[in-house]
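What follows is a short report on a single structure.
Residue numbers start from 1 in every chain, and the chains themselves are labelled A, B, ... in the order their sequence lines are given, proteins ahead of strands. Everything numeric in this text was worked out from a predicted model, so none of it was measured.
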Amino acid sequence: MKEQIIELIMTAAKLDRETVAGILEIPPKADMGDYAFPCFQLAKTLRKAPPAIAADIAAKIGDVDIIDKLEVKGAYLNFFLKKEMFVKSMLERADTANFGSSAAGKGKTICIDYSSPNVAKNFHVGHLRTTIIGNSLYKIYSKLGYHVERINHLGDWGTQFGKLIVAYKAWGSREAVEENGVAELMRLYVKFHEEADKNDALNDEARAWFTKMEHGNEEALEIWRWFVDISLKEYKGTYELLGMEFDHYTGESFYRDKTAAVIEKLQNANLLEESEGARIVDLEEYNMAPCLIMKKDGSSIYATRDLAAVYYRKETYDFEKCLYVTGQEQKLHFAQVFKVMELLGNDWAKDSLVHIPYGLVSLEGAKLSTRSGNIIYAEDILLEAIDKVKKTIEEKNPNLEDKDEVAKIVGVGAILFHDLYNQRIKDVSFKWDKVLNFDGETGPYVQYTYVRCASILRAVSYDENADINCGLLLDDEAVALLKEINRFPQVVMDAAEKYEPSVVARFAMDVAQSFSRFYNACRVNVEDTDLRNARVKLVALTKNTLKDALDLLGIQCPEQM
RNA sequence: GCACCAGUAGCUCAAUGGAUAGAGCAAUGGCCUCCGGAGCCAUGUGAGGAAGUUCGACUCUUCUCUGGUGCACCA
């Protein structure tokens, strides 16, 4: 019905569609009407006081069948729609297959580079964020019809492997690595840094080993492959727990034979210069530190590999956009890489390469640090949450079937929701009691609301195909809930535009809270068949919407919990 | 030193430049003859500071304060 309001205003005020649609808004409170048209902006061109303009438009619109009441309140022209018609239109809109999805991205590809853990290091709370945010963006863009390539740009190449090889040879053993996996690699890595602090020669030795890797030294590569395999196996366990998959595990090593071409391009474009023995692209003109391309020993660095990756992805996937979900501390790095791509004559780079930064995770206020032991691993958090949910189930619903499966869905959902509920850029101070609290604005609350819907649909007898009498859905709580649900398509678009899953998470919460109020005020299982069918319809719509919204966050819904 | 990000209720956070700045947590008091109490209802406290742009600023600009992050051979 929004469209009809727009047209009424267009005719009455003699304005074009774009202007009207841009001004028309939904009032902050229900008692201010269903739509509002603030007339401030028109005052200048019409040279009239805003309230007078509002009154004028109201008079010109006059009596229309879809409008119950027009109210001029200050500069605002508030539209109160005929409730029954309004409810009907909202109901029909939401009651369609693929509600919330669109074809906006049809035929377009988006690459998302996310998760990308550093091989041979444990997967900790910080890595969870990129993984969860990236996965949600994948879901959101898919909902809008985009084809998405999920790329795990593993940190599986670089000097850290030189360090690991040195450490392995000095203080490690095959048996220990085989027995303890990544934990042992981690131990070796930490040990290396402790020793290197005392003996800088170790760093040179590590760089030398990495250079050997770059030159194809079999001994080095064999150890490297082994370490990568061990790490990947562990990461995949975590991804499985999270219910996430990737299309490509093309890590940094994938680009090792593609960096030479990048360097050649830079040379041809006359962008490369020597500085302190290394090769750089000077970016002073753009108020940025220089971008390091080649180390003084001739080996590549992550920027080089990132550049190679951009070229590869553009050629292979022909992306509309390539998103990089990493911590905000890497902002400068990506700004440099993107700028270099631009300087190489790739005009598309400016708009299609996007860094999606997120805030830093700290632990109980202190910085995360493997070396000081101030760290929590992703898997531990997930398992802890699952465990807590299981205890709650034992307490509240001991006869539930599939307890383990439900505990997993709810526990993992709690962690995901917690991570996605606030704007990405906010720093996160990890606190166990917050993460494991399932009351209020939490994932389990939304899932619980879904379960209530499911429970009602099981308990109540109704006719799925009955014509709904919208005149029976006029309770304030029912109308408010429908209004909330109707925001879904816009919410998905906003979330995509801002690269911000929290928009969807907030929406899911709003719907759930709205439903809870409805649930408390209006009984569904009533004698009157028509009323029952109407309310059941609303419950079913809520259920679907919650499921779809949570799905966009990578969260599943149990039917019971 | 330079750059970037964030400052909103005791805590954690919301709010396309618009109406009386909203939620949750914590606290207190209510609500099951009723579809699941992981719920609902009620009660209180407010924008780091200063200028500016605007009819209108939590939102935009500048300065400033506080906290965080980054600034060459790690990723």
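- Within the 3.5 Å criterion, the main-chain N or O of His127(A) finds no donor-acceptor partner in the side chain of Thr130(A).
- Using a 4.0 Å heavy-atom criterion, one finds that Val539(A) contacts no nucleic acid atom at all.
- As rounded to whole Å, 14 Å separates atom P of A72(B) from atom CZ of Arg207(A).
- Candidate nucleotides G70(B), A38(B), A3(B) were compared by shortest atom distance to the side chain of Lys367(A), and G70(B) ranks first.
- The side chain of Lys396(A) has A38(B) as its nearest neighbour among C35(B), A38(B), U69(B).
- If you check every strand for non-hydrogen atoms under 4.0 Å, Cys453(A) touches nothing.
- The phosphate of C40(B) has OP1 or OP2 within less than 4.0 Å of a side-chain N or O from Tyr445(A).
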Contact state string [nucleotides 10-16 of chain B, B base, S sugar-phosphate only, - no protein heavy atom under 4.0 Å]
--SSSSB

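- Side-chain N/O atoms of Asn203(A) and Asp200(A) include a donor and acceptor closer than 3.5 Å.
- Looking at heavy-atom distances under 4.0 Å, Glu276(A) makes contact with a base.
- Taking the six-membered ring for Trp and thresholds of 30 and 60 degrees, Tyr189(A) and His193(A) have ring planes more than 60 degrees apart, a perpendicular arrangement.
- If you check the side chains of Ser116(A) and Asp113(A), you find a donor sitting under 3.5 Å from an acceptor.
- Side chains of His333(A) and Asp306(A): a donor on one and an acceptor on the other come within 3.5 Å.
- One atom, CD1 of Ile356(A), and another, P of C4(B), lie 19 Å apart when rounded to the nearest Å.
- No donor-acceptor distance shorter than 3.5 angstrom exists from the side chain of Arg424(A) to the backbone of Ile133(A), with no hydrogens or angles considered.
- Classification of the Tyr255(A)-His153(A) ring pair by plane angle, with boundaries at 30° and 60°, yields tilted.
- Residue whose closest nucleotide on RNA chain B sits further toward the 5' end, between Ala36(A) and Asp156(A): Ala36(A).
- A 3.5 Å limit on both hydrogen-bonding distances identifies no Watson-Crick or G-U partner for U54(B).
- A cation-pi arrangement is absent between Lys212(A) and Phe210(A), since the terminal nitrogen or guanidinium carbon is not both under 6.0 Å from the aromatic centre and inside a 45° cone about the axis.
- RNA chain B is contacted by both Ser116(A) and Asp31(A); Asp31(A) maps to the nucleotide lying nearer its 5′ end (nearest heavy atom per residue).
- Counting any heavy atom pair closer than 4.0 Å across all strands shown, Arg305(A) reaches sugar-phosphate atoms only and no base atom.
- With A19(B), A38(B), C35(B) as the choices, the nucleotide that has an atom nearest any side-chain atom of Met32(A) turns out to be A19(B).
- A donor and an acceptor atom, one from each side chain of Tyr286(A) and Gln336(A), are nowhere located under 3.5 Å apart.
- Between Tyr324(A) and Phe338(A), the ring planes are tilted. Angles from 30° to 60° get that label.
- With a 6.0 Å radius and a threshold of 12 heavy atoms from other residues, nucleotides or ligands, Lys403(A) has its NZ atom above the threshold.
- Contact annotation for Leu154(A): no contact, since no heavy-atom pair falls under 4.0 Å across all strands.
- Candidate nucleotides A72(B), G70(B), G22(B) were compared by shortest atom distance to the side chain of Glu329(A), and G70(B) ranks first.
- If you check every strand for non-hydrogen atoms under 4.0 Å, Ser275(A) touches a base.
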Can you give one letter per nucleotide of nucleotides 53-62 of chain B, 5' to 3': B if a protein heavy atom sits under 4.0 Å from the base, S if only from the sugar-phosphate, - if neither?
--B-------

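- Residues Ser300(A) and Glu214(A) bring a donor and an acceptor atom of their side chains to less than 3.5 Å of each other.
- Checking A3(B), C40(B), C35(B) against the side-chain heavy atoms of Asn287(A) singles out A3(B) as nearest.
- Donor-acceptor pairing under 3.5 Å is lacking for the side chains of Ser115(A) and Tyr235(A).
- Note on Asn397(A): a base of the nucleic acid sits closer than 4.0 angstrom, heavy atoms only.
- Residue Asn78(A) is classed as a base contact, given a heavy-atom separation below 4.0 Å to a base.
- Within the 4.0 Å cut-off from OP1 or OP2 of G37(B), at least one side-chain nitrogen or oxygen of Arg452(A) is found.
- Across all strands shown, Lys296(A) has heavy atoms under 4.0 Å from base atoms, whether or not it also approaches the sugar-phosphate.
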Taking only nitrogen or oxygen atoms into account, show me every contact under 3.5 Å that the protein makes with nucleotides 41-44 of chain B, one pair per line with its distance.
| residue | atom | partner | partner atom | Å |
| --- | --- | --- | --- | --- |
| C41(B) | OP1 | Arg517(A) | NE | 3.1 |

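- Taking atom CG of Leu292(A) as the reference point, atom P of A72(B) lies 10 Å away to the nearest angstrom.
- Across all strands shown, U45(B) remains unpaired; no Watson-Crick or G-U wobble contact has both distances below 3.5 Å.
- Base contact: Ala278(A) has a heavy atom under 4.0 Å from a base atom.
- Distance, Glu395(A) CD to G36(B) P: 19 Å, rounded to whole Å.
- Backbone-only engagement by Gly158(A) is indicated by non-hydrogen atom pairs under 4.0 Å involving sugar-phosphate atoms exclusively.
- OP1 or OP2 of C74(B) sits under 4.0 Å from a side-chain N or O of Thr159(A).
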